[in-house]
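Comments concern the structure below.
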Amino acid sequence: MAPSPPIASADALRRPGIHLVLSTGDRWPGAAHLLTTAERARADAFRHEQSRGEFVVGRALVRRLVAAATGLPAREIPIVQDCLRCGSDRHGKPRVGVVGAPQFSVSHSGGWVLVGVSQDGALGVDIETVSDRPSLLDLAPSVLSATESEVLASLPRTEAGSEATRLRWFTTRWCLKEAVVKRDGDGLAREMRDVEVSAETVVPLDAPELPIAVVGAVAGHPPLGPLSWWSVPAD
């Protein structure tokens with residue numbers, strides 16, 4: 001991966017565009033101190049250590065980035081949820097409960113954690129580890145539109161390398177759709193195959209910003225601003 005510059009200043013994080021940080025679930029051994037009591041209980045409920053680490057680092061990264069953008073202490077930044085369908089505050093799309101704070105999105109897969117923040121409005125990020133199991137393509141009818149299915153069918157399928165190409169293309173397309181759904185916060189209200197992907201609002205992520213075994217996507221609203229990559233020093 002290409003080296004990242006240090007974490008941005010408040011002025012940099014307020015600039016137009018989407019600001020991204022990639023980390024791993026084991027990057028911050030002490031990250032849990034930035035979580036609330038309820039969040040730590042939620043983390044402890046995960047059965048697998050990798051999933052626990054991904055959640056903890058994701059929440060900690062959000063607070064570190066929002067703290068850098070707002071000047072607020074990271075531990076005091078509230079993260080709340082709103083359901084667009086029923087209005088409940090017990091589930092739905094997470095957001096920072098501070099007026100004027102940047103919006104954020106988090107995704108994790110295979111031990112990797114991606115966080116995006118932006119002052120431009122709602123955003124969605126998604127990453128997925130590319131599988132080597134051809135059976136993953138059995139899910140294509142529930143994920144892809146008719147046109148996208150035709151593109152997948154047109155890709156070569158005669159060699160092992162071609163199968164890997166098909167899996168990578170399918171996983172990337174899925175990421176693009178997941179990013180759009182996470183941006184809009186209405187994932188349960190739409191069939192994935194009906195989610196439209198437009199180059200004006202969602203872009204794929206790949207090497208060198210991501211490890212070779214991982215693909216991703218970022219969605220915003222048009223015009224989609226520039227993407228900036230940052231690093232956050234471990235505590």
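- Using a 4.5 Å heavy-atom threshold, the side chains of V62 and V117 count as separate.
- Side-chain N/O atoms of S51 and E54 include no donor and acceptor closer than 3.5 Å.
- A salt bridge does not link D186 with K93: every distance from a Lys NZ or Arg NE/NH1/NH2 to an Asp or Glu carboxylate oxygen is 4.0 Å or more.
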For this session: Test side chain to side chain donor-acceptor pair (under 3.5 Å) on S145 and E148 and set out the steps.
Result: CA-CA 5 Å; S145 67; E148 291 166 335; 3.3 Å; yes
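- Across H19 and W230, no two heavy atoms sit closer than the pair ND1-NE1, 3.2 Å.
- A distance-only check finds no donor-acceptor pair linking the side chain of K182 to the backbone of S105 [under 3.5 Å].
- Under a 3.5 Å cut-off, the side chain of D120 and the backbone N or O of G17 do form a donor-acceptor pair.
- Screening I18, L65, T70 for a side chain to side chain contact (heavy atoms under 4.5 Å, CB included) with P102, the sole residue that qualifies is T70.
- Here the shortest heavy-atom pairing between L22 and P211 reads CD2-CD, 3.8 Å.
- The minimum heavy-atom distance between L34 and R75, with the atom names listed, is CD2-CG, 3.4 Å.
- In terms of heavy atoms, F170 sits closest to A140 at CE1-CA, 3.6 Å.
- Using a distance-only test at 3.5 Å, with no hydrogens or angles considered, no donor-acceptor pair links the side chain of R14 to the main chain of Q119.
- Using a cutoff of 4.0 Å between basic side-chain nitrogens and carboxylate oxygens, R63 and E39 are scored as salt-bridged.
- L72 and I77 get closest at one heavy-atom pair: CB-CG1, 4.2 Å.
- The minimum heavy-atom distance between W112 and I127, with the atom names listed, is O-CD1, 3.7 Å.
- Counting heavy atoms from C-beta outward, F104 and V125 have side chains that stay 4.5 Å or more apart.
- Not a single donor-acceptor pair under 3.5 Å links the side chain of T171 to the backbone N or O of R168.
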